[in-house]
Visitor: 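Structure incoming, see below.
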Amino acid sequence: MRDESSIAEDVAAADEPSAHEGPPMTELERIRHSCAHVLATGILRLWPEAQFAYGPPVENGFYYDVELPHRISPEDFEQIEAEMRKEIKANHRFERSVVSREQALEMARRGELAALGPRSEPSKFKLDLIESIPANEEISLYRNGDFLDLCAGPHVMRTGNIGAFKLTSVASAYYKGDERNPQLQRIYGTAFKNKTQLDEYFAMLEEAKKRDHRKLGKELELFTFDEDVGPGLPLWLPRGAAIIEELEKLAKETEFAAGYQRVRTTNLARESLYLKSGHLPYYAESMFPPMELNEDKDEIAMLEGRIVAARSVLEQHLSSRATDEEDASCNDVQFERAINAAMEANDIPAHVLEAFEEKNRCQTRLVFLNQQPRRYYLKAMNCPHHHKLFDAVPRSYRDLPLRFAEYGYCHRYEQSGELFGLMRVRSLQMNDAHIYCTPEQFESEFNAVNQMYLRYFKLFGIEKYIMRFSTHDPERLGQKFVDEPELWRQTEEMVRGVLQRSGINYVEVPNEAAFYGPKIDVQVWSAIGREFTIATNQVDFAQPRRFDLTYKDRDNTDKTPLCIHRAPLGTHERFIGFLIEHYAGNFPLWLSPEQVRILPIGDDAPLIDYSRAVLDELRANYVRAELDDSSDKINGKIQRAEQMKVHTMLVIGKRDMEANAVSVRVHGQGNLGAKPRDQAVAGILAAIKDRS
RNA sequence: GCCGAUGUAGCUCAGCUGGUAGAGCAACGGUUUCGUAAACCGUAGGUCACGGGUUCGAAUCCCGUCAUCGGCUCCA
């Protein structure tokens, strides 16, 4: 399971090559970090030329990055693990020594670091890592048996203290996490104090697999992906769509009460919109490539035809007047000159005059048409469209704050390797809204949005979350971030102040802002330990300016509003993916795709009629209820309903019918016994209404 | 996009070192009339992801493509 500190750890693991800084390790981390050294020892026994980069403990184990011509595959694990077991059995001490910078560099040059002894090739990554250790820091080495490594430690006392370990996977990773650096093989493993804990860990992984949203989504018939539709483009089955409808109902009610207005915009817009917004070029690689439309093609062809016809009339006219030295079959410029001159005359026939005018009319019109195809893009974000809605009507300070909400589809061209079930998709429905406000209104609007998050989290029982405040990187202005240094500074200062005053727990993460302004992401952890950005809240100073959005202030001057982008429920795709894992598919009644299933015992006509009457009553109240009139026995019907995680089952036998009752069974709770029909129905309706 | 792994019926999975593709559940047709997690019998269902190659013969071996998964990079 992941905790809040894991963000810091991951950042440290990614950004801190030497591990020469950072918080002290826990006992388990020391075991895992030591196991990484043992892994390197094992690999070197098999491939002495291996070059190691760094090998820290991570959330669920450890890894070591290695460069090696041989491609390590899971088939090699057994062999490597055998070498590792020998090293653990030898029970070598982890011996720490401190060396001078020059000594360390010398050893690296001799290939002795992350090695079993001197080698012909230098330990090149270690050489580089030594360079990055700050001058005032001590340089330490750790030895276990023959293996010596540059390492800040700490370690367990002896290799034998690594109770139980297992190699788990191999992946590739860029050296220092930078795409421009060489790719290394990253060997992952995990280690625990003892075999029992190791086994428990793998058993836990098996359990986690059962609540994986991709597995449950298929089993519960919530959504599907189809090759003909395309990767990352989920299709929602009726049961999944039911959840979407409930979430939208929730959002619409909440937002209506909070003074939002709903708008609707298109999925497609011309290139010019996104040039204005800055999505092109700042966001271009996340957008689907454009489609090109020859919008004026037909009109251009028609005009050109008419020009040709008119010109032939004019040419005829010219040639009829031609003197010996004049040639009517001349180039365009000469023709224009000649015809203009000819039109000076007084005796021009009417049809020639008409052709002349027709030609000029057509040529003038052509100037205003697009000869080049026009580009249209699928929208990746709603904001540019909403800005246009702001701009569609003159705005006064009295209109602010103006809050436009839309649950629209956006399409983003995520890289193929990024796609991940529902959590990372290419078509997404965002719980989006844009709040246009004055700087004075910013704080209360911003806090109101945060309050909305907290209410939602309470409703869904989300207890663990953290806000990440992402700021810009001054060095990437004009590349990743709009080039407005002063506005960035002011806005970040403003947001930081609001966050601090509101007392919300947050961490500040540099360089991860949106291109148009700083943002706050809300990270949550699904029940199986995955971490996600579920909601987002961003400040946009850039786009309102780029769109020249203004409102008339009290003093009759035009001012530019601030814009807050916010999506407390994130996207349906990710949010539902999260909820599936959060609830393990056992949705509360209000969200349950099938809220009630009626299970008659037997199929006697009166019993079926009674069951159907109960069904009709529920459906008349918009309850998603079904009747199982199959020929299964009652145990079979219950089994099937339980497997589909139907929330409430109403078992109806002869006894119930005669008492005008139903027997209530709730998924996960079992048989709750018979209840009067009215009472049971009322209870269901009340629970749905309260979202309890 | 990069590295690695995987791809057999709607689902879960068998199918040895190449010799004509199998089970359970689901579906469909019957029989059964059952009080809280699976009644019984039968029927149908697959171009073994796709495309090439090797071979007398390929689900199986080789190459390529696509998709998914584990990571990396990216990320509202």
Side-chain angles (χ1 to χ4, degrees), chain A residues 14 58 63 65 71-76 168-188 205 209 212 214-215 218-219 221 224-228 230-232 279 283 285-286 380-383 410 412-421 423-425 428 430-432 470 480 512-516 519-522 532-538 565-567 570-571 573-574 599-604 607 630-644 649-656 663-674:
Chain A
V58 287
Y63 65 80
D65 283 345
R71 292 245 159 262
I72 294 177
S73 86
E75 287 177 13
D76 298 317
T168 50
S169 63
V170 56
S172 93
Y174 300 105
Y175 179 55
K176 290 185 170 172
D178 190 327
E179 253 180 315
R180 291 161 300 192
N181 285 339
Q183 281 201 328
L184 307 174
Q185 304 187 60
R186 177 168 291 181
I187 316 299
Y188 279 92
L205 285 187
K209 267 189 203 162
D212 188 308
R214 292 165 297 191
K215 183 173 161 64
K218 189 177 273 184
E219 287 171 0
E221 296 177 11
T224 185
F225 289 92
D226 186 279
E227 289 220 8
D228 283 330
H279 284 82
Y283 202 71
E285 60 189 32
S286 292
M381 296 185 195
N382 295 310
C383 36
C410 292
R412 299 185 182 178
Y413 190 59
E414 302 292 351
Q415 294 184 54
S416 60
E418 315 285 272
L419 301 175
F420 175 65
M423 302 301 198
R424 196 77 184 272
V425 291
L428 39 108
M430 218 188 313
N431 171 221
D432 210 3
S470 302
K480 192 181 173 190
E512 291 192 13
F515 74 80
Y516 44 70
K519 68 180 184 187
I520 289 98
D521 287 332
V522 186
F532 297 101
T533 299
I534 207 84
T536 187
N537 188 2
Q538 307 166 354
H565 305 228
R566 42 108 279 174
T571 63
E573 288 71 18
R574 186 173 287 182
L599 312 176
I601 301 171
D603 60 1
D604 286 347
L607 195 66
S630 70
S631 64
D632 281 313
K633 298 205 167 186
I634 189 60
N635 279 341
K637 291 182 182 181
I638 288 169
Q639 168 95 13
R640 258 173 261 289
E642 291 281 359
Q643 275 172 345
M644 287 307 276
M649 287 149 276
L650 299 180
V651 177
I652 299 182
K654 211 170 155 210
R655 289 206 299 270
D656 299 299
S663 289
V664 180
R665 181 186 171 97
V666 172
H667 178 65
Q669 294 177 37
N671 184 4
L672 304 184

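By convention in this document, chain letters (A, B, ...) are assigned in the order of the sequence lines, proteins followed by strands, and residues within each chain are numbered from 1.
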Visitor: Taking the side chain of A:Phe420 as its heavy atoms from C-beta onward, which of B:G70, B:A76, B:A37 lies nearest to it?
Guide: B:G70

Visitor: For the side chain of A:Gln183, counting heavy atoms from C-beta on, which of B:A38, B:A76, B:C3 is nearest?
Guide: B:C3

Visitor: Grab the two heavy atoms, one from A:Leu607 and one from A:Ile601, that are nearest each other, plus how far apart they are.
Guide: CD2-O, 2.8 Å

Visitor: So which nucleotide does B:U36 pair with, by the Watson-Crick or G-U wobble rule with both distances under 3.5 Å?
Guide: none

Visitor: In whole Å, I'd like the distance from the CG atom of A:Asp632 to the P atom of B:A39.
Guide: 7 Å

Visitor: Would you mind telling me which residue lines up with the more 5' stretch of RNA chain B, A:Val651 or A:Tyr516, judged by nearest nucleotide?
Guide: A:Val651

Visitor: State whether the distance check finds a donor on one side and an acceptor on the other, under 3.5 Å, for side chain A:Ser172 versus base B:G4.
Guide: no

Visitor: In whole angstroms, how far is the C1' atom of B:C2 from the CD atom of A:Glu414?
Guide: 16 Å

Visitor: B:U73 P sits how many Å from A:Arg424 CZ, rounded?
Guide: 12 Å

Visitor: Which part of the nucleic acid, if any, lies within contact of A:Asn671, taking any heavy atom under 4.0 Å across all strands shown: a base, the sugar-phosphate backbone alone, or nothing?
Guide: base

Visitor: Is B:C72 paired to anything, Watson-Crick or G-U wobble with both distances less than 3.5 Å, and if yes, which nucleotide?
Guide: B:G1

Visitor: Can you tell me if A:Lys480 touches the phosphate of B:C75, counting only side-chain N or O atoms and a distance under 4.0 Å to OP1 or OP2?
Guide: yes

Visitor: Let's see if you can work this out: which of B:A37, B:C2, B:U32 has an atom nearest to the side-chain heavy atoms of A:Gln639?
Guide: B:A37

Visitor: Classify A:Ser631 by what it touches in the nucleic acid, base, sugar-phosphate, or nothing, heavy-atom distance under 4.0 Å.
Guide: base

Visitor: Show the nearest heavy-atom pair for residues A:Lys480 and A:Glu512, with the distance to one decimal.
Guide: NZ-CA, 4.5 Å

Visitor: Check whether any side-chain nitrogen or oxygen of A:Ser169 sits under 4.0 Å from OP1 or OP2 of B:G71, and answer yes or no.
Guide: no

Visitor: Using a cut-off of less than 4.0 Å, is there contact between a side-chain N or O of A:Lys519 and OP1 or OP2 of B:A76?
Guide: yes

Visitor: Once you measure the plane-to-plane angle for A:His279 and A:Tyr516, does it fall in the parallel (<30°), tilted (30-60°) or perpendicular (>60°) bin?
Guide: tilted

Visitor: Taking B:C48 as the reference, what is the distance to B:C72 when you measure between their P atoms (whole Å, please)?
Guide: 36 Å

Visitor: Look at all strands and tell whether A:Leu428 reaches a base, only sugar-phosphate, or nothing, counting heavy atoms closer than 4.0 Å.
Guide: base

Visitor: Classify A:Arg665 by what it touches in the nucleic acid, base, sugar-phosphate, or nothing, heavy-atom distance under 4.0 Å.
Guide: base

Visitor: Is any side-chain N or O of A:Arg640 closer than 4.0 Å to OP1 or OP2 of B:A26?
Guide: yes

Visitor: Looking only at atom P, what distance separates B:U20 and B:U36, rounded to whole Å?
Guide: 50 Å

Visitor: What is the distance, rounded to the nearest whole Å, between atom CD of A:Gln415 and atom C1' of B:G1?
Guide: 5 Å

Visitor: Tell me the partner of B:U6, counting only Watson-Crick (N1-N3 plus N6-O4 or O6-N4) or G-U wobble (N1-O2 and O6-N3) with both under 3.5 Å; none if nothing fits.
Guide: B:A67

Visitor: Partner of B:C48 by Watson-Crick or G-U wobble geometry, both contacts under 3.5 Å, or none?
Guide: none

Visitor: Answer with base, sugar-phosphate or nothing: what part of the nucleic acid does A:Thr168 contact at a heavy-atom distance below 4.0 Å?
Guide: nothing

Visitor: Between A:Asp212 and A:Ala514, which residue's closest nucleotide on RNA chain B lies nearer the 5′ terminus?
Guide: A:Asp212

Visitor: Is there a donor and acceptor pair closer than 3.5 Å between the side chain of A:Tyr174 and the base of B:G1?
Guide: yes

Visitor: Counting neighbours of CZ on A:Phe420 that are heavy atoms of other residues, nucleotides or ligands and sit closer than 6.0 Å, is the number greater than 12?
Guide: yes

Visitor: Scan A:Glu285 against the nucleic acid and name what it touches under 4.0 Å (heavy atoms): base, sugar-phosphate only, or nothing.
Guide: nothing

Visitor: Just the rounded figure in Å: distance from P of B:C69 to NZ of A:Lys209.
Guide: 13 Å

Visitor: For a quick check of understanding: with a heavy-atom distance under 4.0 Å over all strands, which category does A:Glu642 fall into, base, sugar-phosphate or nothing?
Guide: base

Visitor: Select one nucleotide: of B:U32, B:A67, B:U73, the one nearest the side-chain heavy atoms of A:Lys633.
Guide: B:U32

Visitor: On a whole-Å scale, what distance lies between the C1' atoms belonging to B:C11 and B:G46?
Guide: 14 Å

Visitor: So what does A:Ser416 hit on the nucleic acid, given a heavy-atom distance under 4.0 Å: a base, only sugar-phosphate, or nothing?
Guide: base

Visitor: Round to a whole Å and report the spacing from CZ of A:Arg214 to C1' of B:C11.
Guide: 17 Å

Visitor: Looking at A:Asp65 and A:Arg186, is there a salt bridge between them, counting it only when a charged N and a carboxylate O are closer than 4.0 Å?
Guide: yes

Visitor: Mind checking who B:G22 pairs with, Watson-Crick or G-U wobble, both distances under 3.5 Å?
Guide: B:C13

Visitor: Of the options B:A67, B:G35, B:U36, whose atoms approach the side-chain atoms of A:Arg655 most closely?
Guide: B:G35

Visitor: Out of B:A76, B:G4, B:A38, which has the shortest distance to the side chain of A:Val170?
Guide: B:G4

Visitor: What is the nucleic acid contact for A:Lys637, judged by heavy atoms within less than 4.0 Å: base, sugar-phosphate only, or nothing?
Guide: nothing

Visitor: Can you tell me the base-pairing partner of B:A27? Count Watson-Crick or G-U wobble geometry only, both distances below 3.5 Å, and say none if there is no partner.
Guide: B:U43

Visitor: From the options B:A76, B:G35, B:A37, select the nucleotide whose nearest atom is closest to the side chain of A:Thr533.
Guide: B:A76

Visitor: So which heavy atom on A:Gln183 is nearest to which on A:Ser172, and how close?
Guide: NE2-OG, 3.5 Å

Visitor: How far does CG of A:Leu428 sit from CG of A:Asn431, to the nearest 0.5 angstrom?
Guide: 12.0 Å

Visitor: Counting the atoms with a prime plus P, OP1 and OP2 as sugar-phosphate, which does A:Gly421 contact under 4.0 Å by heavy atoms, base, sugar-phosphate, or nothing?
Guide: sugar-phosphate

Visitor: Report the distance from atom CG of A:Asp603 to atom P of B:U33, rounded to the nearest whole Å.
Guide: 10 Å

Visitor: Identify whether any heavy atom of A:Ala173 sits under 4.0 Å from a base atom; if not, whether one sits that close to sugar-phosphate; answer base, sugar-phosphate or nothing.
Guide: sugar-phosphate

Visitor: Would you mind telling me which of B:G71, B:U68, B:U36 lies closest to the side-chain atoms of A:Pro231?
Guide: B:U68

Visitor: Expressed in whole Å, how much space separates the P atoms belonging to B:G7 and B:G15?
Guide: 11 Å

Visitor: I'd like the C1' distance from B:C56 over to B:U43, given in whole Å.
Guide: 37 Å

Visitor: Before accepting this row, confirm whether a basic side-chain N of the pair A:Lys654/A:Asp656 lies closer than 4.0 Å to the acidic partner's carboxylate O.
Guide: no

Visitor: Expressed in whole Å, how much space separates the P atoms belonging to B:C13 and B:U6?
Guide: 15 Å

Visitor: One thing to verify: whether A:Arg665 and A:Glu642 come together as a salt bridge, which I'm taking to mean a side-chain N less than 4.0 angstrom from a carboxylate O.
Guide: yes

Visitor: With rounding to whole Å, what would you report as the distance between B:U68 and B:C63 at their P atoms?
Guide: 23 Å

Visitor: Mind calculating the distance between CD (A:Glu512) and C1' (B:A76) to the nearest angstrom?
Guide: 12 Å

Visitor: Measure the shortest side-chain to side-chain distance between A:Arg566 and A:Gln538 over non-hydrogen atoms and say whether it is less than 4.5 angstrom.
Guide: no

Visitor: Distance check, C1' atoms only: B:U17 and B:U60, in whole angstrom units.
Guide: 10 Å

Visitor: Base, sugar-phosphate, or nothing for A:Asp604, non-hydrogen atoms under 4.0 angstrom?
Guide: nothing

